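Okay, so here's the structure we're looking at.
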Amino acid sequence: MHLETLAIHAANHPDPITGDVAPPIHLTTTFARGSQGDLPSEFIYARTGNPTRAALEGALAQLEGGAVAFAFASGLAAIHAIFKMVEPGQHIIAPDDLYHGTRNLLLEFQRWGVEVGFVDIYNLETLAAAIQSNTRLIFIETPSNPMLKITDIRAVVGLAQAAGAQVAVDNTWATPVLQRPLELGADYVAHSSTKYFGGHSDVTGGAVICREDGTGAARLREVQNTLGAVPAPFDCWLIRRGLMTLPLRVRAHTAGAAQISGFLAAHGKVEVVHYPGLASHPGHAVAAGQMSGFGGMLSFRVQGEEEAAAAVMSRLQLITRATSLGGVESLIEHRYRVEGPHSRTPRNLLRLSVGLEHPDELIADLAQALGQPGML
Ligand SMILES: *Cc1c(COP(=O)(O)O)cnc(C)c1O
């Protein structure tokens, strides 16, 4: 099936008893047993599993092309579960440009005895040199946050397999509409469902999808149940509703970002645009080889210093100044100021999540905010 059809029909059938076309929300925390202690279905207790979450997990597995999926209360809870597959004394490799929350999470794992290397994995020689005999996991985020760096998923999988390590890809920014890591050989895909999956900036969630239902999946099931960072039924329901329009939304976000990246790249007050769809982007060729579109996220550096970027952002009228991404409304953020003094992000960088407004209005807003060349 095409993704558009799958998004609507995956794990979604009219209720056989009532005929409900829209699925119900199962709020129950527990499930009644019969007189002999027998259960009417697979469900026992809502942390372990409930029908609304199971429906979401079924849809996620199908959309990402995996064998099984696990939903979590946030993207970081999902990524946390992946890192929990690594034991103290084993080694995780992660990119040096990475969502700062994932970076902080890895520093937590370091405190508990897991070895962590932040490596320039965009350079495959550097990555190969960083692999150790105890390397258990290579974690990739492509396109990366906030620099939109591109990692060659196939090449990393090749290096990892040769070393007996597994590969997990944070596919939040690309989504399965544009990039299919499991088909490229990755073992796990992680998502912040808070972003494009929910798609309307009104629900927090995360997910891990596994290529195989093997020992890794068994461990994730155990971590999901034992650590208990599970999403509420209503949140599962909202995310699944978001998934139904995911292919359409992501294509529209991508078309808008392509147009805006072109406008910004040609603007005299913009130093550089980081968008993998631009031929000038260093990762363009690799992105073209593993993505069917370049996504709705971009960042750009304003000519000048931190203040110049802040000034441009302050003049925006339509585009909302807020953290997060992937919603219907365009959001912009001065990452350096948000990440704080330890940030490695360039100070004149603004990150833009292109929403579903008409690109003409977004470009007009950016044009008035950037102002004339020469103006601060
Ligand atoms: C937002 C984000 C996360 C974290 O997800 P939460 O739902 O906020 O916990 C992880 N990775 C990427 C790429 C993100 O954009």
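The model shown is predicted, which means the values in this text are computed figures rather than measured ones.
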request  = Given side-chain contact (heavy atoms from CB on, under 4.5 Å), test Gln224 with Val230 step by step and report yes or no.
outcome  = CA-CA 7 Å; Gln224 185 193 42; Val230 293; 3.8 Å; yes
How about [X] and [Y]: does a side-chain donor come under 3.5 Å of a side-chain acceptor?
| X | Y | result |
| --- | --- | --- |
| Asp365 | Gln368 | yes |
| Asp120 | Thr126 | no |
| His274 | Arg301 | yes |
| Glu64 | Asn171 | yes |

Short side-chain to backbone donor-acceptor contact, [X] and [Y], under 3.5 Å:
| X | Y | result |
| --- | --- | --- |
| Thr254 | Val250 | yes |
| Thr142 | Ser144 | no |
| Thr245 | Leu248 | no |
| Trp237 | Pro23 | yes |
| Thr28 | Thr30 | yes |
| Ser292 | Val177 | yes |
| Arg154 | Gly289 | yes |
| Thr226 | Glu222 | yes |
| Thr135 | Ile131 | no |
| Asp187 | Gln166 | no |

Please find the pair of heavy atoms, one from [X] and one from [Y], that lie closest to each other, and give the distance.
| X | Y | result |
| --- | --- | --- |
| Leu238 | Asp202 | CD1-O, 4.1 Å |
| Pro233 | Asn50 | CG-ND2, 3.9 Å |
| Gln179 | Ala174 | CB-CB, 3.5 Å |
| His281 | Leu148 | NE2-O, 2.8 Å |
| Gly216 | Met85 | O-SD, 3.7 Å |
| Leu106 | Val116 | O-CG2, 3.7 Å |

ask   = Can you list the residues that meet the side chain to side chain contact (heavy atoms under 4.5 Å, CB included) rule with Arg335, with sequence neighbours excluded?
value = Tyr99, His100, Asn145, Pro146, Glu333, Val338, Glu339, Thr345, Leu349, Arg351
request  = For Ala168, enumerate each residue passing the side chain to side chain contact (heavy atoms under 4.5 Å, CB included) test, keeping only those at least two apart in sequence or located in another chain.
outcome  = Ile82, Leu137, Phe139, Tyr188
First locate atom [atom1] of [X], then atom [atom2] of [Y], and finally report the distance between them rounded to the nearest 0.5 Å.
| X | Y | atom1 | atom2 | value |
| --- | --- | --- | --- | --- |
| Asn134 | Gln132 | CG | CD | 5.0 Å |
| Ser353 | Leu325 | OG | CG | 5.0 Å |
| Ile25 | Thr52 | CD1 | OG1 | 7.0 Å |
| His200 | Ile239 | NE2 | CD1 | 12.5 Å |
| Trp112 | Lys84 | CH2 | NZ | 8.0 Å |
| Tyr122 | Lys149 | OH | NZ | 5.5 Å |

task = May I have the step-by-step check of side-chain contact (heavy atoms from CB on, under 4.5 Å) for Arg33 and Asp38, ending in yes or no?
result = CA-CA 5 Å; Arg33 293 177 188 268; Asp38 51 307; 5.6 Å; no
task = Could you name each residue pair satisfying ring-ring contact (aromatic ring centres under 6.0 Å, His included) that touches residues 7-26, not counting sequence neighbours?
result = none
task = Kindly determine whether Ile92 and Arg136 satisfy side-chain contact (heavy atoms from CB on, under 4.5 Å), including the steps that lead there.
result = CA-CA 6 Å; Ile92 301 176; Arg136 169 83 172 72; over 6 Å; no
In the structure I gave you, are the side-chain heavy atoms of [X] and [Y] within less than 4.5 Å of one another anywhere?
| X | Y | answer |
| --- | --- | --- |
| Val302 | Val270 | no |
| Val114 | Gln90 | no |
| Val156 | Leu124 | yes |
| Thr194 | Val203 | no |

request  = Could you please spell out the steps behind the side-chain hydrogen bond (donor to acceptor under 3.5 Å, both in side chains) verdict for Asn348 and Glu271?
outcome  = CA-CA 9 Å; Asn348 59 345; Glu271 188 180 290; 3.3 Å; yes
key: Neighbour count >12 (heavy atoms, 6.0 Å) for atom CD, Gln110   = yes
ask   = Just wondering, are more than 12 heavy atoms of other shown residues or ligands nearer than 6.0 Å to CZ in Arg337?
value = yes
task = Please find out if less than 6.0 Å separates the ring center of His80 from that of Phe109.
result = yes
message = For Phe300 together with His267, are the ring centres under 6.0 Å from each other?
response = no
ask   = So is Arg249 actually on top of Tyr196's ring, under 6.0 Å and inside 45° of the axis?
value = no
task = Could you give me the CA-CA distance, side-chain angles and deciding distance for Asp213 and Arg221, then say whether salt bridge (charged side-chain N to carboxylate O under 4.0 Å, His left out) is met?
result = CA-CA 10 Å; Asp213 193 356; Arg221 192 173 282 115; 3.6 Å; yes
Lys/Arg N to Asp/Glu carboxylate O, Glu57 vs Arg240, below 4.0 Å = no
message = Using the rule given for salt bridge (charged side-chain N to carboxylate O under 4.0 Å, His left out), can you reason through Arg103 versus Glu141, listing the C-alpha separation, both sets of side-chain angles and the distance that settles it, and then say yes or no?
response = CA-CA 11 Å; Arg103 192 183 171 85; Glu141 186 185 282; over 6 Å; no
task = Please lay out, stage by stage, how Leu246 and Phe197 fare under the test side-chain contact (heavy atoms from CB on, under 4.5 Å).
result = CA-CA 6 Å; Leu246 181 74; Phe197 282 5; 3.8 Å; yes
